[in-house]
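These notes concern the structure reproduced below.
For reference, positions follow the sequence shown, starting with 1.
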Amino acid sequence: MFILDPTKVEGNGEAFDATIQAYLQELGGTISRVKFFEKRVFARPIGRHKAGLYWDYVAELPATAPAAVKDKFRLNATVLRVGIFNFEDGQDDEVFKPRDASVLGEDSFQDDFDSDSYRFRRNRK
């Protein structure tokens, strides 16, 4: 998983994606899937960055490749984060499905909130 700085790449980072794929193949890896997840806002900023472009790669790599990938891209200003994980086929099928609006249910907890009956106590002792 690569998180790219959106201010340092053109478009969605397709040119940088080609660089990453070429490097993974240079290391002797075979890429089975590449997904661009979109620009997402961070829960916590990375430095001064509040959003990033997420690229996910599924590749079979030699044992020494993860360290080489991290070392190559650790000082690259375009790459905000690199995450390398063990992948099992089918494990992310539920995680990356589009979100279903019915997950939150028809009724929101705020629909039952009666603001007239709720009072703040300013001077609690």
Side-chain angles (χ1 to χ4, degrees):
M1 171 75 67
F2 282 78
I3 304 174
L4 306 179
D5 181 355
T7 63
K8 304 252 179 176
V9 295
E10 290 185 26
N12 291 327
E14 289 88 0
F16 200 79
D17 164 54
T19 304
I20 294 169
Q21 288 189 45
Y23 185 67
L24 293 177
Q25 291 171 348
E26 182 183 310
L27 291 173
T30 56
I31 300 170
S32 58
R33 185 183 79 193
V34 176
K35 280 189 180 180
F36 171 68
F37 285 116
E38 69 199 17
K39 181 178 181 179
R40 296 187 179 185
V41 177
F42 301 140
R44 294 185 189 103
I46 297 175
R48 296 178 300 189
H49 304 285
K50 296 183 183 193
L53 302 171
Y54 283 72
W55 282 87
D56 184 45
Y57 301 86
V58 176
E60 191 169 325
L61 298 167
T64 57
V69 170
K70 286 182 180 180
D71 189 50
K72 175 165 178 79
F73 293 105
R74 74 183 169 91
L75 296 178
N76 190 318
T78 304
V79 178
L80 298 176
R81 291 283 190 270
V82 175
I84 299 176
F85 309 97
N86 288 329
F87 176 79
E88 293 179 23
D89 196 23
Q91 75 179 7
D92 64 349
D93 292 345
E94 292 297 316
V95 175
F96 294 119
K97 278 184 8 186
R99 292 186 180 169
D100 185 9
S102 66
V103 172
L104 298 175
E106 293 290 323
D107 299 323
S108 173
F109 70 92
Q110 293 180 346
D111 292 341
D112 296 332
F113 182 72
D114 182 10
S115 62
D116 293 334
S117 65
Y118 187 80
R119 295 193 176 124
F120 289 101
R121 295 182 188 174
R122 290 182 160 226
N123 298 324
R124 292 172 91 180
K125 292 183 180 184

Please collect all salt bridge (Lys or Arg N to Asp or Glu O under 4.0 Å) contacts where either partner lies in residues 7-28, sequence neighbours excluded, each pair once.
none
Flag, side chain of Trp55 to backbone of Asn12, donor-acceptor distance under 3.5 Å:
yes
Are Phe37 and Ile46 grouped together when hydrophobic residues (ILVMFWY) are joined by side-chain heavy atoms under 4.5 angstrom apart?
yes
Pairing residues for Thr19 by the side-chain hydrogen bond (donor to acceptor under 3.5 Å, both in side chains) criterion, not counting sequence neighbours
none
To the closest 0.5 Å, what do you measure between CG (Leu80) and NE2 (His49)?
5.0 Å
Listed by chain and number, what are the side-chain contact (heavy atoms from CB on, under 4.5 Å) partners of Pro62, not counting sequence neighbours?
Thr64, Ala65
Please, which pairs that meet salt bridge (Lys or Arg N to Asp or Glu O under 4.0 Å) have at least one residue in residues 60-83, sequence neighbours excluded?
Asp71-Arg74
Output for pair (Ile31 CD1, Leu61 CG), nearest 0.5 Å, gives 8.0 Å
Go through the structure and list residues passing ring pair (Phe, Tyr, Trp, His ring centres under 6.0 Å) with Tyr23, not counting sequence neighbours.
Phe73
side-chain contact (heavy atoms from CB on, under 4.5 Å), paired with Tyr57, selected from Gln21, Lys35, Met1
Gln21
Are Asp56 and Arg33 close enough that some pair of their side-chain heavy atoms sits under 4.5 Å apart?
yes
Main-chain N/O of Ala59 paired to Ser32 side chain as donor or acceptor, under 3.5 Å:
no
Listed by chain and number, what are the ring pair (Phe, Tyr, Trp, His ring centres under 6.0 Å) partners of Tyr54, not counting sequence neighbours?
none
